[in-house]
**Q** 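The structure follows.
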Amino acid sequence: MSGLVNALMIVAVVAIVIVRQFRARPINTDRRWWLVPVVLAVVALREPGLLDAHHRAESATLLAVELLIGLAIGAGWAWTTRVWTAQDGVVWTKSTKASGAVWAVGIALRIGVYALGSVLGLHQDSSALMLGLAGTLLVRSGFLVYRAKAVDTATRPAPAYGDDMRSAWKEHA
């Protein structure tokens, strides 16, 4: 794929993920949460320009930094995401303002890595960014699934009388 197609794919995935995560939604621990990150990683690894042919050590170092940033952003994003159990036992998730701050810091760090690579004269392909995004999504999804499974339903308050029932005054009529 060309660099433009990769960049458009990255922007589309990021936009979809961010919009979806800032709305409350149930989390399903049985689905294939790892599939999208794996597809992104495979697409990124298939690209020939992942490392600069003339500066392999430097570009590999920047790639490692990009991956570490991606993993840290994924962990921070999962840690700042609210997870709760509804009265019906369904586990819900929603990103918070702190999650937005984690994304902002991650984008700033990635811009810094790209700027450093430009100063060093390295050819940087969008596949490194895509691989970092795959790591972010994989870590975040994995931690959220772990947190969702760890939510102890026994600690949630028992439903009070009248929850999910008709109101008591109608029973007397």
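Counting begins at 1 with the first residue of the sequence.
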**Q** Atom OG1 of T61 and atom CZ of R56: how far apart are they, to the nearest 0.5 Å?
**A** 13.0 Å
**Q** What pairs meet the ring-ring contact (aromatic ring centres under 6.0 Å, His included) rule with one or both residues in residues 59-79, with sequence neighbours excluded?
**A** W77-W103
**Q** Could you list the residues that satisfy side-chain contact (heavy atoms from CB on, under 4.5 Å) with A60, not counting sequence neighbours?
**A**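 Checked A60 against side-chain contact (heavy atoms from CB on, under 4.5 Å); matches are L51.
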**Q** Distance check, rounded to the nearest 0.5 Å: T80 atom OG1 versus K97 atom NZ?
**A**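 So the gap between those two atoms works out to 13.5 Å.
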**Q** Got a second to check how far L144's CG is from I27's CD1, nearest 0.5 Å?
**A** 5.0 Å
**Q** In chain order, what residues pass the ring pair (Phe, Tyr, Trp, His ring centres under 6.0 Å) check against W33, with sequence neighbours excluded?
**A**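 Ring pair (Phe, Tyr, Trp, His ring centres under 6.0 Å) list for W33, sorted by chain: empty.
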**Q** Would you kindly confirm whether L35 and I16 end up in one hydrophobic cluster when ILVMFWY residues are joined by side chain heavy atoms under 4.5 Å apart?
**A** no
**Q** Which atom pairs, one a donor and one an acceptor, fall under 3.5 Å between side chains of residues 107-117 and the rest of the protein, sequence neighbours left out?
**A**
{"residue": "R110", "atom": "NE", "partner": "E66", "partner atom": "OE2", "Å": "2.7"}
{"residue": "R110", "atom": "NH2", "partner": "G132", "partner atom": "O", "Å": "3.4"}
{"residue": "R110", "atom": "NH2", "partner": "T136", "partner atom": "OG1", "Å": "2.9"}

**Q** S59: which residues meet the side-chain hydrogen bond (donor to acceptor under 3.5 Å, both in side chains) condition with it, sequence neighbours left out?
**A** none
**Q** Please tell me if the side chains of T85 and W92 come closer than 4.5 Å, counting only heavy atoms from C-beta onward.
**A**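 They are not in contact (no side-chain heavy atoms under 4.5 Å apart), so the answer is no.
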**Q** Work out which heavy atom in A75 is nearest to a heavy atom in F143; give both atom names and the distance.
**A** CB-CE1, 3.5 Å
**Q** Could you measure the distance from the CG atom of L122 to the CG atom of L63? Nearest 0.5 Å is fine.
**A** 11.5 Å
**Q** Quick one: does T81's side chain get under 4.5 Å of R140's, heavy atoms only?
**A**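 The answer is yes; the side chains approach within 4.5 Å.
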**Q** Provide the closest heavy-atom pair for A41 versus A134 in the form atom of the first, atom of the second, distance.
**A** N-CB, 3.8 Å
**Q** Working to the nearest 0.5 Å, report the span between OG of S127 and CG of L131.
**A**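 Between S127 OG and L131 CG, I get 7.5 Å after rounding to 0.5 Å.
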**Q** Are any side-chain N or O atoms of R147 and backbone N or O atoms of A78, one a donor and one an acceptor, separated by less than 3.5 Å?
**A** yes
**Q** Got a sec, which residues hit side-chain hydrogen bond (donor to acceptor under 3.5 Å, both in side chains) with H123, two or more places apart in sequence or on another chain?
**A** none
**Q** Determine, using the 4.5 Å side-chain heavy-atom cutoff (strictly less than), whether V105 and L137 are members of one ILVMFWY cluster.
**A** yes
**Q** Is there a continuous path of hydrophobic side-chain contacts, each under 4.5 Å between heavy atoms, that joins L45 to L129?
**A** no
**Q** Minimum heavy-atom separation for D88 to V90, with atom names?
**A** OD1-N, 3.2 Å
**Q** Tell me whether L138 is reachable from Y146 by hopping between hydrophobic residues (I, L, V, M, F, W, Y) whose side-chain heavy atoms are closer than 4.5 Å.
**A** no
**Q** Walk me through it: do V43 and M130 pass the test side chain to side chain contact (heavy atoms under 4.5 Å, CB included)?
**A** CA-CA 8 Å; V43 169; M130 192 180 308; 3.7 Å; yes
**Q** How about R20 and R25: do any of their side-chain heavy atoms sit closer than 4.5 Å?
**A**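 Side-chain contact under 4.5 Å: yes.
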**Q** In the single-linkage hydrophobic clustering (I, L, V, M, F, W, Y; side-chain heavy atoms under 4.5 Å), do V139 and V102 co-cluster?
**A** no
**Q** Quick one: CZ on R82 to OG1 on T93, what's the gap to the nearest 0.5 Å?
**A** 9.5 Å
